[in-house]
Amino acid sequence: MQGVGRLKRWLGEFLDYLRHERNSSAYTITAYRRDLGQFFAYLEERGLTLRQVDNLHIRGFLAFLHERRLKKSTLARKLAAVRSFFRFGVKKKWFAENPAKAVSTPKQEKRVPSFLTEEEMSDLLEIPRGTRPLDLRDKAILELLYATGIRVGELVGINIEDFSLSERSVRVRGKGKKERIVPFGRKAEERLREYLRVRAELLRSRIGERALFLNYQGGRISPRSIERIVDRSIRLTAVRRKISPHSLRHSFASHLLGRGADLRVIQELLGHESLATTQKYTHLNLGQLIDIYRKSHPRS
């Protein structure tokens with residue numbers, strides 16, 4: 001058995017490394033903390049210490065998770081957490097080698113990202129129809145997600161000083177805390193102006209709160225709250241398939257691409273480091289491709 005105190009210290013050092021040196025997002029740090037906690041519990045149940053772990057034990061951990069029907073993407077993230085922890089431990093000389101290095105990442109299913117059609121998106125943005133402060137906030141959130149294609153984590157991190165209504169642009173902090181400026185359109189500007197007129201009603205006593213989007217207590221809204229807003233709004237439309245906040249990001253990219261936007265422009269707007277990541281949005285139907293070709297090619 002390994003000392004609980006030492007295990008906590010090692011985990012704390014690793015998470016501090018992610019936070020301060022790798023500039024990992026709060027979401028990644030929370031997920032890795034949970035994943036490693038699960039891995040440590042698995043080892044403890046089998047009477048193993050971290051220094052006894054080899055690649056077979058890690059494969060056993062993945063098999064244990066697979067039996068519980070976890071998605072391959074989840075297994076891949078948990079393996080990434082374990083691999084990264086051991087890599088850090090080798091640098092710190094806690095371990096002689098990284099046993100996870102020899103474990104291959106589970107092959108991922110190739111899936112077309114879920115997205116809404118332009119008509120479905122239009123219906124969604126008409127909801128909610130109320131005029132209460134929370135209704136106006138929700139309208140602004142949905143409109144801004146679709147207008148910019150930003151991630152939920154980027155949206156909740158926006159502060160009052162990060163956007164300009166006159167320039168219709170917002171500064172967001174993406175993965176690794178990399179900043180980029182993203183434009184938005186007239187509709188998003190209108191929704192933001194409506195929300196800003198009532199934002200003070202949500203602030204309550206938190207006068208110094210910098211977050212653009214607030215919860216009902218006057219603090220910064222959480223990603224989970226965004227999920228609930230999207231889910232609640234989707235249920236009021238005719239859409240019956242699973243749609244998440246990230247689906248609005250997919251819809252943003254798909255609709256731009258469908259109307260002839262350059263893939264590299266979309267890459268820049270989404271904040272993707274690799275063009276290959278953006279290429280998953282090229283699920284256009286043949287009719288769209290032919291239409292773009294006829295409008296764009298000089299000899300079409």
Side-chain angles (χ1 to χ4, degrees), residues 11 14-15 18 22 24-46 53-88 98-116 120 145 149-156 174-176 222-235 239-254 270-283:
L11 180 59
F14 173 65
L15 296 176
L18 291 180
R22 291 282 299 277
S24 298
S25 68
Y27 175 85
T28 298
I29 292 169
T30 300
Y32 274 30
R33 184 197 302 274
R34 185 172 58 246
D35 295 340
L36 289 169
Q38 191 175 16
F39 178 59
F40 296 161
Y42 171 86
L43 297 179
E44 189 171 350
E45 286 175 7
R46 287 151 184 80
V53 171
D54 60 23
N55 58 25
L56 294 178
H57 295 130
I58 296 173
R59 287 194 177 98
F61 174 60
L62 295 177
F64 165 80
L65 297 174
H66 179 69
E67 288 172 3
R68 279 149 185 75
R69 305 193 176 206
L70 270 67
K71 294 179 181 177
K72 288 185 177 180
S73 57
T74 304
L75 296 182
R77 191 199 65 220
K78 291 180 185 294
L79 174 59
V82 171
R83 187 183 286 142
S84 185
F85 174 78
F86 275 111
R87 187 188 305 121
F88 178 72
N98 182 353
K101 190 164 62 173
V103 181
S104 57
T105 302
K107 191 173 182 180
Q108 301 299 297
E109 305 97 335
K110 289 187 178 179
R111 295 179 301 167
V112 173
S114 62
F115 68 103
L116 295 164
E120 290 170 337
L145 281 173
I150 60 177
R151 303 174 179 93
V152 171
E154 293 170 344
L155 181 130
V156 301
K175 292 184 177 180
S222 70
R224 184 71 189 97
S225 293
I226 304 293
E227 290 175 14
R228 283 194 288 265
I229 290 167
V230 172
D231 188 56
R232 185 169 62 241
S233 300
I234 280 291
R235 281 190 269 114
V239 178
R240 291 295 171 264
R241 60 189 182 280
K242 178 64 178 174
I243 296 295
S244 69
H246 214 65
S247 301
L248 274 64
R249 179 170 163 86
H250 297 328
S251 302
F252 164 85
S254 300
L270 292 173
H272 287 158
E273 286 191 11
S274 168
L275 186 63
T277 309
T278 315
Q279 285 174 333
K280 65 184 177 182
Y281 296 106
T282 56
H283 50 273

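Just so we're clear, the structure is a prediction, and the values are computed from it rather than from any experiment.
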Quiz item: side-chain contact (heavy atoms from CB on, under 4.5 Å) with R68: which residues, sequence neighbours excluded?
Solution: F64, L70
Quiz prompt | Those residues that, when tested against R22, pass side-chain contact (heavy atoms from CB on, under 4.5 Å) (two or more places apart) | solution = Y17, L18, S24, S84
Quiz item: With a 4.5 Å limit on heavy-atom distance, are the side chains of I150 and F252 in contact?
Solution: no
Quiz item: Which residues pass the salt bridge (charged side-chain N to carboxylate O under 4.0 Å, His left out) test with R232, sequence neighbours left out?
Solution: D138
Practice problem: Just jot down the salt bridge (charged side-chain N to carboxylate O under 4.0 Å, His left out) partners of D231, sequence neighbours excluded, or say none. | Solution: R235
Quiz prompt | Rounded distance (nearest 0.5 Å) linking atom OG1 of T105 with atom CG of L79 | solution = 5.0 Å
Quiz item: G60 and Y42: which non-hydrogen atoms are nearest, and at how many Å?
Solution: C-OH, 3.2 Å
Quiz item: Can you tell me how far CD1 of I243 sits from NE2 of H250, rounded to the nearest 0.5 angstrom?
Solution: 9.5 Å
Quiz prompt | Rounded distance (nearest 0.5 Å) linking atom CD of E120 with atom OG of S247 | solution = 10.5 Å
Self-check item: Closest non-hydrogen atom pair between P245 and V152, with its separation
Solution: CB-CG2, 3.2 Å
Quiz prompt | Which residues share a side-chain contact (heavy atoms from CB on, under 4.5 Å) with Q38, sequence neighbours left out | solution = F61, L65, K78
Exercise. Please list, chain by chain and in numerical order, all residues satisfying side-chain hydrogen bond (donor to acceptor under 3.5 Å, both in side chains) with R228, sequence neighbours excluded.
Key: S225
Quiz item: For R241, does the CZ atom have more than 12 heavy-atom neighbours from other residues, nucleotides or ligands under 6.0 Å away?
Solution: yes
Quiz prompt | Distance, nearest 0.5 Å, that separates OH of Y32 from CZ of F14 | solution = 6.5 Å
Quiz prompt | R83 atom CZ, over 12 foreign heavy atoms within 6.0 Å | solution = yes
Quiz item: Is it true that atom CD of E273 has more than 12 heavy atoms of other residues, nucleotides or ligands lying nearer than 6.0 Å?
Solution: no
Exercise. Kindly compute the distance separating CD1 (I226) from OG (S244), expressed to the nearest 0.5 Å.
Key: 12.5 Å
Quiz item: So which heavy atom on A102 is nearest to which on N55, and how close?
Solution: CB-ND2, 3.7 Å
Practice problem: Measure the spacing between CZ of F88 and CG of L15 and express it to the nearest 0.5 Å. | Solution: 9.5 Å
Quiz prompt | Partners passing salt bridge (charged side-chain N to carboxylate O under 4.0 Å, His left out) against R77 (at least two apart in sequence or in another chain) | solution = D35
Quiz item: Among all residues two or more places apart in sequence or in another chain, which pass the salt bridge (charged side-chain N to carboxylate O under 4.0 Å, His left out) test with R240?
Solution: none
Quiz prompt | Residue list, side-chain contact (heavy atoms from CB on, under 4.5 Å) with P99, at least two apart or on another chain | solution = V53, I58, F86
Quiz item: With sequence neighbours excluded, what pairs up with T30 under the side-chain hydrogen bond (donor to acceptor under 3.5 Å, both in side chains) test?
Solution: none
Quiz item: Where the side chain of E44 meets the backbone of A41, is there a donor-acceptor pair that is under 3.5 Å apart?
Solution: no
Self-check item: L75 versus P106, closest heavy-atom pair with distance
Solution: CB-CG, 4.0 Å
